[in-house]
Amino acid sequence: MTDDALIEAARVSKAWPFQEAQKLLKRYPQGKPGGEPVLFETGYGPSGLPHIGTFQEVLRTTLVRRAYEAMTGGAPTRLVAFSDDMDGLRKVPDNIPNAELLAANLGKPLTRIPDPFEKYESFAHHNNAMLREFLDRFGFEYEFVSASDRYNSGAFDAALTRVLECNQAILDVMLPTLREERRKTYSPVLPVSPTSGVVLQVPVEVLDPATGMIRFTDQDGSVVEQSVFGGQAKLQWKVDWAMRWYALGVDYEMCGKDLTDSVTQSGKIVKILGGRKPEGLIYELFLDENGEKISKSKGNGLTIDQWLTYGTEESLGFYLFREPKSAKQLHVGVIPKAVDEYWQFRGNLAGQEIEKQLGNPVWHLLRANGEGEGAGDTLPVTFSLLLNLVGVLGAEATADQVWSYLGNYVADATPEAHPELGELVRAALATNRDFIAPTLARRAPTANEAQALKALDDELAKAGADVTAEELQNAVYEIGKNEAYGFENLRDWFKALYETLLGSSQGPRMGSFIALYGVPETRKLIAQALEA
């Protein structure tokens with residue numbers, strides 16, 4: 001495939017990363033002036049640790065970045081991971097050591113609060129380090145930018161001057177959106193108290209934008225005149241977001257649906273400042289398995305570590321790629337399908353026409369942090385088949401046992417020879433231990449089901465050592481279609497096999513399962529079922 005062919009196909013692709021990148025082509029039809037890189041940004045509030053929402057935003061933004069690069073033949077880009085660490089701490093997070101230390105410093109900028117983990121110079125420095133470690137773990141290419149560094153160093157001074165010059169115009173945008181009580185204390189600028197160090201929510205009088213001088217009443221009732229420069233103030237959230245777009249020249253930033261109003265107001269403010277609102281995507285939020293919004297306080301979500309325990313990094317990326325404008329349920333039950341669909345799409349990729357490739361999620365995922373290697377790769381068994389295998393083996397199943405059975409199905413069945421399959425074995429054992437084994441319950445077969453199971457046992461008894469999964473599947477089919485056993489349809493026969501042999505209402509292709517588990521072992525399962 002030539003670069004020209006890729007560019008041509010990318011520019012008409014309906015895949016959402018290309019549709020988002022089209023916005024940037026319209027923004028800069030001739031490329032960004034001066035050959036400057038197009039700037040992508042993601043934001044992070046370091047009052048807590050990185051989570052699955054952090055991952056999805058950086059991943060999705062990276063996918064748009066790579067799509068833009070493909071559409072332009074490699075136009076320069078940058079991705080900034082911005083930490084809003086000048087923000088005042090509003091409440092003590094859950095599950096943090098030395099909570100009293102944080103409680104004693106509520107309201108102060110996060111970079112001026114001691115680290116409760118006692119590892120870094122501040123609470124924000126600790127969480128910023130966790131963010132960088134988190135992003136590095138997944139191989140993201142980014143530049144880290146700290147709000148505190150920019151405020152303290154003077155890098156934001158010119159933009160802050162502009163905010164003070166436009167103070168009344170910004171108030172005209174914001175005040176109508178606020179409740180009457182909030183309007184009385186609202187100011188675009190939040191001064192830092194010279195006595196307590198707390199970020200104050202108080203009315204502010206602008207004295208001189210050029211020097212940054214403002215006047216306000218401190219917590220002790222004294223009237224203070226001080227500059228906003230040098231980290232002595234920060235901006236309200238929506239004003240701060242607009243100022244950041246203006247100061248950094250941000251061209252693209254996506255966000256969750258909960259920030260829709262912020263996008264609107266910040267877009268108006270950045271225009272007042274003389275900047276331009278970035279392009280972006282407003283994505284839907286996650287739901288739990290009951291369809292309720294995920295809440296940190298409720299703990300009804302799924303952490304990234306949990307996903308990586310019961311699934312894989314690739315499957316997480318695949319799940320997050322699909323339909324970003326639709327709400328997604330986020331719970332352990334969605335992982336197995338995501339794992340298998342990822343490998344199905346990856347296996348199909350190499351043989352697809354370029355237009356189909358660009359609509360394949362794996363095409364984008366393989367290029368997020370690499371050169372696209374691995375297209376067309378497949379695994380010898382599905383994750384769902386592994387889950388059925390370990391379910392039969394029980395809660396105490398071991399990796400060695402699983403690899404032993406895989407030897408029936410896979411040449412050179414070792415984790416060293418098949419590292420990606422090894423990841424699935426690990427995830428399957430964890431899923432089985434924590435979720436599947438406790439729920440499995442085999443039932444006794446009915447009279448007609450018992451007759452069908454005996455017929456299947458007879459067929460397996462005749463099977464040779466070289467019998468294939470397809471031949472076994474055909475044997476299963478023929479028994480299910482035999483009217484003598486009274487099944488209305490094949491679905492009822494398969495359901496009977498799953499419930500009597502595997503203890504579940506759903507299951508794999510039985511031919512594949514028998515080939516993996518082994519004919520003698522499957523006959524033992526049938527014998528146990530018939531004795532029940």
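Sequence positions, counted from 1, serve as the residue numbers for this chain. All values derive from a computational prediction rather than experimental measurement.
- Within the structure, no pair that satisfies the ring pair (Phe, Tyr, Trp, His ring centres under 6.0 Å) test touches residues 447-466, not counting sequence neighbours.
- Between I514 and V519 the shortest side-chain heavy-atom distance falls below 4.5 Å.
- With hydrogens and angles ignored, the 3.5 Å screen pairs no side-chain donor or acceptor of N432 with any backbone N or O of I436.
- In terms of the salt bridge (Lys or Arg N to Asp or Glu O under 4.0 Å) criterion, R491 has no residue partners (sequence neighbours excluded).
- No side-chain heavy atom of W403 sits under 4.5 Å from any side-chain heavy atom of V410.
- Contacts of S47 classified as side-chain contact (heavy atoms from CB on, under 4.5 Å), with partners at least two apart in sequence or in another chain: L89, L110.
- With 3.5 Å as the limit, one finds a donor-acceptor pair spanning the side chains of Y283 and E57.
- At least one side-chain heavy atom of L406 sits less than 4.5 Å from a side-chain heavy atom of V425.
- Remark: Y68 pairs with no residue by the side chain to side chain donor-acceptor pair (under 3.5 Å) rule, at least two apart or across chains.
- For the atom pair E133 CD and L131 CG, the distance stands at 10.0 Å (nearest 0.5 Å).
- Between R509 and E470, at least one side-chain N (NZ, or NE/NH1/NH2) sits under 4.0 Å from a carboxylate O, which counts as a salt bridge.
- Using a distance-only test at 3.5 Å, with no hydrogens or angles considered, no donor-acceptor pair links the side chain of S13 to the main chain of A9.
- Each of F345, W363, W343 was scored for a ring-ring contact (aromatic ring centres under 6.0 Å, His included) with F318, with one residue passing: F345.
- Closest of all the heavy-atom pairs between L366 and G374 is CD1-C, 4.0 Å.
- For residues 422-475, the ring pair (Phe, Tyr, Trp, His ring centres under 6.0 Å) pairs, not counting sequence neighbours, are Y310-F435.
- Using a 4.5 Å cut-off on side-chain heavy atoms (C-beta onward), Q357 and L349 make contact.
- No hydrogens or angles considered: nothing links the side chains of D85 and T111 as a donor-acceptor pair under 3.5 Å.
- A 6.0 Å sphere centred on CD of E323 holds no more than 12 heavy atoms belonging to other residues, nucleotides or ligands.
- Sorted by first then second residue, the ring pair (Phe, Tyr, Trp, His ring centres under 6.0 Å) pairs that include residues 489-532, not counting sequence neighbours, are Y405-Y517, Y477-F494, F487-W493, F513-Y517.
- Q506 CD: 12 or fewer foreign heavy atoms inside a 6.0 Å radius.
- Taking 4.0 Å as the cut-off between side-chain N and carboxylate O, R11 and E8 do not count as a salt-bridged pair.
- In this structure the side chain of S83 never reaches within 4.5 angstrom of the side chain of N127, judged on heavy atoms.
- Using a 4.5 Å heavy-atom threshold, the side chains of Y319 and I335 count as separate.
- With sequence neighbours excluded, the residues satisfying side-chain contact (heavy atoms from CB on, under 4.5 Å) with R66 are T62, E69, E141.
- Within the 4.5 Å cutoff, the side chain of V38 has no heavy atoms near those of the P76 side chain.
- A pairwise comparison of heavy atoms in L285 and K257 identifies CD2-N, 3.9 Å as the closest pair.
- Side-chain contact check for W237 and S262: at least one donor-acceptor pair (N or O, by modelled atom type) lies under 3.5 Å.
- When every heavy atom of P278 is checked against every heavy atom of E253, the shortest pair comes out as CB-N, 4.2 Å.
- Contact check for L63 versus W16: side-chain heavy atoms found under the 4.5 Å cut-off.
- Between P116 and L101, the shortest heavy-atom contact is CA-CD2, 4.0 Å.
- Note that OH of Y142 is 12.5 Å distant from CZ of R65, once rounded to the nearest 0.5 Å.
- R137 CZ to L308 CG: the interatomic distance, rounded to the nearest 0.5 Å, is 5.0 Å.
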Intermediate values then yes/no, side-chain contact (heavy atoms from CB on, under 4.5 Å), Y342 and L365: CA-CA 10 Å; Y342 168 81; L365 295 169; 4.3 Å; yes
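- Donor-acceptor pairing under 3.5 Å is lacking for the side chains of N360 and N348.
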Check against side-chain contact (heavy atoms from CB on, under 4.5 Å), M130 and Y120: CA-CA 11 Å; M130 296 303 102; Y120 295 87; 4.1 Å; yes
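- A pairwise comparison of heavy atoms in T72 and I7 identifies C-CD1, 4.4 Å as the closest pair.
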List, one per line, each side-chain donor-acceptor pair under 3.5 Å for residues 381-391, sequence neighbours excluded.
residue: T382; atom: OG1; partner: S384; partner atom: OG; Å: 3.1
residue: T382; atom: OG1; partner: L385; partner atom: N; Å: 3.1
residue: S384; atom: OG; partner: D340; partner atom: OD2; Å: 3.2

Table please: side-chain donor-acceptor pairs of residues 411-422 below 3.5 Å, with sequence neighbours left out.
residue: T414; atom: OG1; partner: A417; partner atom: N; Å: 3.1
residue: H418; atom: NE2; partner: A411; partner atom: O; Å: 3.1
residue: H418; atom: NE2; partner: D412; partner atom: O; Å: 3.3

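- At distances below 3.5 Å, not a single donor-acceptor pair connects side-chain atoms of R132 with backbone N or O atoms of F144.
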Passes side-chain contact (heavy atoms from CB on, under 4.5 Å), N98 versus E118? Steps please. CA-CA 9 Å; N98 300 317; E118 300 179 343; 3.7 Å; yes
Quick one: do E423 and E313 satisfy side-chain contact (heavy atoms from CB on, under 4.5 Å)? Show the steps, please. CA-CA 10 Å; E423 273 294 287; E313 179 185 332; over 6 Å; no
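- Sorted by first then second residue, the side chain to side chain donor-acceptor pair (under 3.5 Å) pairs that include residues 368-378, not counting sequence neighbours, are R346-D377.
- In this structure a side-chain-to-backbone donor-acceptor pair under 3.5 Å is missing from N482 to E478.
- Looking at T61, its side chain never comes within 3.5 Å of a backbone N or O of V58 through a donor-acceptor pair.
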Which pairs would a plain distance check flag for residues 520-528, meaning a side-chain donor or acceptor within less than 3.5 Å of a matching protein atom at least two apart in sequence or in another chain?
residue: T522; atom: OG1; partner: G518; partner atom: O; Å: 2.8
residue: R523; atom: NE; partner: D457; partner atom: OD1; Å: 2.7
residue: R523; atom: NH2; partner: D457; partner atom: OD2; Å: 3.3

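- Between the side chain of K23 and the main chain of G280, a donor-acceptor pair closer than 3.5 Å is present.
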Which donor-acceptor pairs under 3.5 Å do the side chains of residues 440-451 make with protein atoms, sequence neighbours left out?
residue: R442; atom: NE; partner: L501; partner atom: O; Å: 2.7
residue: R443; atom: NE; partner: E499; partner atom: OE1; Å: 2.6
residue: R443; atom: NH1; partner: E449; partner atom: OE1; Å: 2.9
residue: R443; atom: NH2; partner: E449; partner atom: OE1; Å: 3.4
residue: R443; atom: NH2; partner: E449; partner atom: OE2; Å: 3.0
residue: R443; atom: NH2; partner: E499; partner atom: OE1; Å: 3.1
residue: T446; atom: OG1; partner: N448; partner atom: OD1; Å: 2.7
residue: T446; atom: OG1; partner: E449; partner atom: N; Å: 3.4
residue: T446; atom: OG1; partner: E449; partner atom: OE1; Å: 3.3
residue: N448; atom: ND2; partner: Y485; partner atom: O; Å: 2.6
residue: E449; atom: OE1; partner: T446; partner atom: N; Å: 2.9

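- Contact record, V339 with G311: CG2-CA, 4.3 Å, taken as the closest heavy-atom pair.
- Separation of atoms OG1 (T431) and CZ (R426) is listed at 8.5 Å; rounding is to 0.5 Å.
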